[in-house]
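From a predicted model like this one, the values you see are computed outputs, not experimental measurements. Scope of the values below: all heavy atoms of this structure, side chains included, with no hydrogens, waters or symmetry mates.
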2 protein chains.
Amino acid sequence: MAQIKDVAKRAGVSVASVSRVLAGHTGVTEATRQRVLEAVQAMDYRPDLAARRLRSRRTDTVGLIVSDIRNPFFTEVSRAVEDMAYQNRMRVILCNADENPEKEALYLDLMRDENVSGVILSPSLPTLAHFRIQDYPFPVVLVDRCDRETTADAVVLDNTDSAYRLTIHLIEQGYRRIAFIYGATSATGRQRQEGYVTAMATHGLETLTQAVPATVDAARIAASELVQGSLFPDALMGSNGLILLGLVEALREARLQFPEQIGLAGFDDLPWTRLVEPGITVIAQPTYDIGQATIELLLQRIAHPSQSVRRVVLRGELRERGSSVRRKDATL
Amino acid sequence: MAQIKDVAKRAGVSVASVSRVLAGHTGVTEATRQRVLEAVQAMDYRPDLAARRLRSRRTDTVGLIVSDIRNPFFTEVSRAVEDMAYQNRMRVILCNADENPEKEALYLDLMRDENVSGVILSPSLPTLAHFRIQDYPFPVVLVDRCDRETTADAVVLDNTDSAYRLTIHLIEQGYRRIAFIYGATSATGRQRQEGYVTAMATHGLETLTQAVPATVDAARIAASELVQGSLFPDALMGSNGLILLGLVEALREARLQFPEQIGLAGFDDLPWTRLVEPGITVIAQPTYDIGQATIELLLQRIAHPSQSVRRVVLRGELRERGSSVRRKDATL
DNA sequence: CTGTTAGCGCCTTCAC
DNA sequence: GTGAAGGCGCTAACAG
């Protein structure tokens, strides 16, 4: 492997000049610049990143800690982060916390060891509860999940408002006993539940909520009990794509047709929500945009460590489909 | 930040001893070992990875270059890789090539710059065609995609055989004019197409194949033309989950019911294939196992650079569902 | 504008 | 068994 001094020798300059040219510093004669670049090219010189990182004390690396990589929401966010990061000459270290606070802590610790330039994190509820930005030696931008109280850069959906609009939609379609099944491990689920509660209260309706671990199976089991119990909901709402999937499975098992026998709506416009007849009404999240906004916020923060804390809130879009059409016997 | 010399000072030993203890070397008195560990603990000392990497010339980092992170197959593979890698004290650098050979080349180059310990790659067809393991200064294990000719460690599905079995299943169910729509950018698609062709030939049936870019939209458009054209297929097969999704969309648009009006089957047992009535017949891939086997192979290769090349072939599992049930008018 | 040089923090011979 | 010392390859401060 060619080293910087080999390049310097070949170009007939000092290592400092080579370094300067490669760093894009000004104050180098065009002539030397050319000679250096030529030598670099000829020798296929590649700076040793370990050495550079040791010397410069920066890694140009972003840590991405997602709650659950299997959730298509996070997949798409990761894709956006990855795209933008490499465009900005940054590496991405991927970590999947599997909704496990201990793993989150472990990975955050690892990020410290790695001396990353910054971290993107979608914290679980326990982590978020104790989260203080000043506990970390690197900038952190939260994505998807954050509290009103959290003092940190963040990019989130308008969760409460979106859930409110979705609930109102169901109410307007004539549903009354609407049950809300939501993920207990995230701030997002809770905020969406708040929106649901507010909407129900506005119309003087009783609420019916159920917190579950954010998995398909947990949602399926909870929904099964709900529809077969004595509470007789006339519509089901799920707080995210995985939970919504569990609800559909439960309704299939119970042989309940939607919207004829029970209404259905949820979050995340996943491909299958259009394919399951007659289509499922959802709030679509601008997932790629969320990821993009997050990495942009992080890059800005890295560039300007002391700029004021920002929160970017993106709007969810209601996509009405067959699963929530007006009940024949509805009376408003 | 505490450094190794601070720890040494506090423990009353030399930096060499600290280094030895931390590296788990033998030949250190239990007494000094204890004093060092105590000091490390007390000072919350963390070795500087950049320095360690420069000095040791190894990064303990794995590069993961997937074709398309949105494909749930690769999501699950990534999850397994990530799990196992961190369990083995390795970092994972994530790269999403988006089925783009240029991006693949770019990322492979980047892996070289990063001096990674090894790379996991799911190559596009062009990359695979020119792929020679000796062109890279690090071990590479291929995942999901590889040719018969490729001389490299690899973990793949029994693509040809699985496709053969799936096709035979359709034939046995009475389908005759079976069309196969497959991803043109991967060896996988082509191998599955071979299995289809073999199965059709076995029964003296005419083949009907269509290569498309491996995206939902491309598959949808191709399928639309196919079912509305003059070739009148009586069944459709898709070579992976994204393509299968496109096929379903096309059938919906054309208002063709499966299995009544047309049979349907494909690859990848995604959640929605059970939910789309009456369920879609698929070959299920052991995705997590594939990922796990891949990283294990890579770790072995890193440990034993000169061990013989290995190929791990995992078996796909046929899951029969309603979309391929026997046609009423079938005559074998 | 260019070159010389002193480290960045750690590991690892090599003596003792 | 332990310590002293020389780099790993690069950047940046300083001097010219």
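Counting only residues at least two apart or on different chains, no salt bridge (Lys or Arg N to Asp or Glu O under 4.0 Å) pair has a member in residues 115-126 of chain A.
Atom-to-atom distance recorded for S19(B):OG and R52(B):CZ is 7.5 Å, nearest 0.5 angstrom. Taking OG of S78(B) as the start and CD1 of I120(B) as the end, the distance is 9.0 Å to the nearest 0.5 Å. The distance from atom CZ of R112(A) to atom CG of D135(A), rounded to the nearest 0.5 Å, is 10.5 Å. Going from atom CD of Q34(B) over to atom OG1 of T29(B) covers 11.5 Å, rounded to the nearest 0.5 Å.
Residues satisfying the ring pair (Phe, Tyr, Trp, His ring centres under 6.0 Å) criterion with F73(A), sequence neighbours excluded, are absent altogether. Every side chain to side chain contact (heavy atoms under 4.5 Å, CB included) that D48(B) has, sequence neighbours left out, goes to L54(A), R57(A), A50(B), A51(B). Applying the ring pair (Phe, Tyr, Trp, His ring centres under 6.0 Å) rule to Y136(B) yields the partners F131(B), F138(B); only residues at least two apart in sequence or on another chain are considered.
An end-to-end axis angle of 40° holds for the helix from dC1(C)-dG16(D) to dC16(C)-dG1(D), taken from five base pairs per end and rounded to 10°.
Rounded to whole Å, the distance from CG on L54(A) to P on dC8(D) is 13 Å. Residue K5(A) contributes atom NZ, which lies 14 Å from atom C1' of dT5(C) at whole-angstrom precision. Distance L49(B) CG to dG9(C) P: 13 Å, rounded to the nearest Å. Straight-line distance from the CG atom of D48(A) to the P atom of dG7(D): 17 Å, rounded to whole Å. One atom, CE of M1(B), and another, C1' of dC10(C), lie 13 Å apart when rounded to the nearest Å. Atom NZ of K9(B) and atom C1' of dA4(D) are 15 Å apart (whole Å). In this structure, R46(A) places its CZ atom 19 Å from C1' of dC8(D), rounding to the nearest Å. Rounded to an integer number of Å, the gap from R53(A) CZ to dC8(D) C1' is 15 Å.
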Treat primed atoms plus P, OP1 and OP2 as sugar-phosphate and everything else as base, then score nucleotides 11-16 of chain C 5' to 3': B for base contact with protein heavy atoms under 4.0 Å, S for sugar-phosphate contact only, - for none.
BB----

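Neither OP1 nor OP2 of dC1(C) sits under 4.0 Å from any side-chain N or O of T32(A).
When each of V28(B) and Q3(A) is assigned the nucleotide of DNA chain D with its nearest heavy atom, V28(B) is the one assigned upstream, toward the 5' end.
Side-chain atoms of E114(B) and T59(B) form no donor-acceptor pair, as typed in the model, at a separation below 3.5 Å.
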